[in-house]
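Taking it in order: structure first as structure tokens, then the write-up.
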Amino acid sequence: MRLGIIGLPNSGKTTLFNALTSGDYETSAVSSGQFHVNTSVVNVPDERLEVLEEMYDAKKKVYATITYTDIGGLDKGIGEGGLSGQLRNELSQVDGFVHVIRVFESNTVPHPFETIDPQRDLETLDSEFLLLDLVAVENRLEKIESELKLKGKRADQNLLDEQPIMERFKAHLDEGRPLRDLDVPEKERKMIGGFGFLTLKPVLIVLNLGDERKSGDDQLNYDYKHANHIALQASLEADLAQLDADDATMFMEEYGVTELSASRVVRLSYELVNIHSFLTAGEKEVRAWTIPVGATAYEAAGAIHGDIQKGFIRAEVTPYTDLAELGSEAAVKAAGKMRLESKEYVVQDGDVIVFRHSS
Ligand SMILES: Nc1nc2c(ncn2[C@@H]2O[C@H](COP(=O)(O)OP(=O)(O)O)[C@@H](O)[C@H]2O)c(=O)[nH]1
Ligand SMILES: [Mg+2]
């Protein structure tokens with residue numbers, strides 16, 4: 001899963017990217033306006049792995065990961081429908097967005113529209129994306145219609161299936177609403193996946209607060225589905241991300257912080273794109289595996305290895321909470337808390353699974 005960090009120039013995209021990835025990319029008050037991307041893979045914080053590591057005395061701990069891409073060059077033609085094809089292409093390929101909105105005031109960092117106005121900034125980029133989607137939908141509808149005129153009932157079935165979806169999308173976009181607010185069934189999502197509609201992608205809005213937090217700072221009007229928001233101080237978080245683990249713990253204790261905002265962003269991004277983790281545990285390693293919410297045991301087996309899926313016999317499943325409470329696999333078995341599940345079982349977040357398979 002990959003999320004693209006978007007936002008107006010000087011909103012703090014690269015600063016947030018550094019905070020999330022412990023990166024050290026140059027941030028600058030002067031935007032180059034050049035198209036460029038930085039990409040980095042980040043571990044998804046998961047305390048359960050730490051507990052399991054100790055329980056199994058495991059040699060290795062492997063976290064689920066999520067990838068972030070800092071997408072530079074968004075400033076060109078923003079609000080004028082002027083996004084370059086290359087940029088649009090990059091944007092269409094991510095699974096979701098982290099949209100950075102500037103709240104911080106600064107005399108040294110110019111704002112492209114001069115004043116600080118989070119709601120305006122949010123809507124500027126959002127309507128830009130909306131417009132791009134609308135153009136794509138209208139083009140497609142035109143193509144479908146001309147194909148229908150030409151071939152009538154012999155037209156490609158895919159096009160016939162697509163037509164009502166595109167019409168629904170158009171009506172929705174015409175109302176100025178992002179596609180993410182629609183309920184689009186999985187089957188339809190697959191059919192239109194190739195279009196990479198920008199407003200269909202889930203979004204986590206990050207309000208980049210200034211050095212001090214004022215009440216009302218995190219007030220935004222964006223009441224759509226598949227959207228979430230969080231407020232943080234990106235430059236502070238970026239500084240903290242440069243500390244080694246001991247210093248970071250010390251800082252957090254001193255200030256009574258239980259979780260860094262950057263970690264929360266990573267966790268929220270993970271939830272945002274509708275994925276979750278099942279776990280495997282043994283002496284060799286404890287590990288979190290990423291699967292889509294709703295995936296079956298059979299699909300989960302495939303996430304580990306094709307052979308395990310092919311030879312699937314059954315899954316031995318223990319909810320993490322039971323394992324943590326009872327303290328060991330043996331205790332779980334003795335208490336009858338380990339279940340045998342078949343291929344069709346829908347895996348739950350935190351299931352600790354042993355797959356039995358023929359080889
Ligand atoms: N005062 C202040 N400056 C910030 C904050 N976040 C970012 N900046 C500065 O704003 C400028 C632009 O940040 P950058 O992350 O490069 O923005 P981008 O253009 O969205 O990638 C840099 O000079 C940052 O140091 C903040 O919370 N407070
Ligand atoms: Mg940048």
Side-chain angles (χ1 to χ4, degrees), residues 2-40 42 67-79 82-84 86-88 90-91 94 96-126 128-129 198 203-220 229-243 251 255 257 260-266 269:
R2 186 159 71 94
L3 279 93
I5 302 179
I6 57 167
L8 294 180
N10 286 349
S11 52
K13 297 183 294 296
T14 305
T15 308
L16 179 69
F17 179 76
N18 284 340
L20 298 178
T21 65
S22 305
D24 199 9
Y25 288 89
E26 195 190 341
T27 58
S28 149
V30 185
S31 171
S32 66
Q34 288 292 306
F35 172 78
H36 66 92
V37 294
N38 304 319
T39 290
S40 190
V42 177
T67 305
Y68 288 98
T69 297
D70 174 21
I71 304 178
L74 260 175
D75 39 342
K76 270 213 179 139
I78 268 187
L83 289 189
S84 77
Q86 196 183 19
L87 193 49
R88 160 83 175 66
E90 187 65 35
L91 293 167
V94 299
F97 293 119
V98 175
H99 189 162
V100 184
I101 304 281
R102 173 165 170 182
V103 183
F104 72 87
E105 311 253 2
S106 164
N107 296 326
T108 50
V109 182
H111 188 293
F113 305 138
E114 271 137 50
T115 52
I116 302 297
D117 185 343
Q119 186 70 32
R120 172 203 59 203
D121 292 357
L122 172 63
E123 284 169 13
T124 300
L125 201 50
D126 208 51
E128 182 86 17
F129 284 12
L198 302 180
V203 64
L204 177 66
I205 297 165
V206 174
L207 288 138
N208 186 10
L209 304 176
D211 303 330
E212 53 191 305
R213 233 188 143 114
K214 289 169 274 171
S215 71
D217 265 351
D218 44 6
Q219 293 305 305
L220 265 188
H229 65 92
I230 179 175
L232 51 74
Q233 292 162 266
S235 13
L236 172 67
E237 294 284 329
D239 289 345
L240 294 176
Q242 292 299 320
L243 299 179
F251 167 88
Y255 289 88
V257 187
L260 293 180
S261 297
S263 306
R264 278 206 66 205
V265 168
V266 177
S269 333

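Ligands are counted one by one from 1 in listed order, and the atoms in each one are counted from 1 as well.
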Between ligand 1 and L236, can you find any atom pair, the residue atom being a heavy atom, that is separated by under 4.0 Å?
no
Using distance alone, with no hydrogens and no angle criterion, decide if H111 and D121 have a side-chain donor and acceptor under 3.5 Å apart.
yes
How many angstroms lie between atom [atom1] of [X] and atom [atom2] of [Y], to the nearest 0.5 angstrom?
X    : Y    : atom1 : atom2 : value
T15  : N208 : OG1   : CG    : 7.0 Å
S106 : I116 : OG    : CD1   : 8.5 Å
T69  : K13  : OG1   : NZ    : 13.5 Å

Around the Mg ion (ligand 2), how many protein N, O or S atoms are found at less than 2.8 Å?
1
Check for a donor-acceptor pair, side chain of Q242 on one end and backbone N or O of G23 on the other, with a separation under 3.5 Å.
yes
Keeping N10 on the side-chain end and P110 on the backbone end, is there a donor-acceptor pair under 3.5 Å?
yes
Nearest-option assignment for atom 5 (C) of ligand 1, heavy atoms, candidates S235, G12, P112:
S235
Going by heavy-atom distance to atom 11 (C) of ligand 1, choose the closest among V109, T15, N107, I6.
V109
Any nitrogen or oxygen of S11, main chain or side chain, under 3.5 Å from a nitrogen or oxygen of ligand 1?
yes
Purely on distance, is any nitrogen or oxygen of D70 under 3.5 Å from one on ligand 1?
no
Can you sort out the partners of Y68 under ring pair (Phe, Tyr, Trp, His ring centres under 6.0 Å), two or more places apart, ordered by chain and number?
none
Sorted by chain and number, sequence neighbours left out, salt bridge (Lys or Arg N to Asp or Glu O under 4.0 Å) with R264 holds for none
E237: salt bridge (Lys or Arg N to Asp or Glu O under 4.0 Å) partners, not counting sequence neighbours:
none
Under 4.0 Å to a heavy atom of L8 - the qualifying atoms of ligand 1, by number:
20 (O)
For ligand 1, which atoms sit closer than 4.0 Å to a heavy atom of L209?
27 (O)
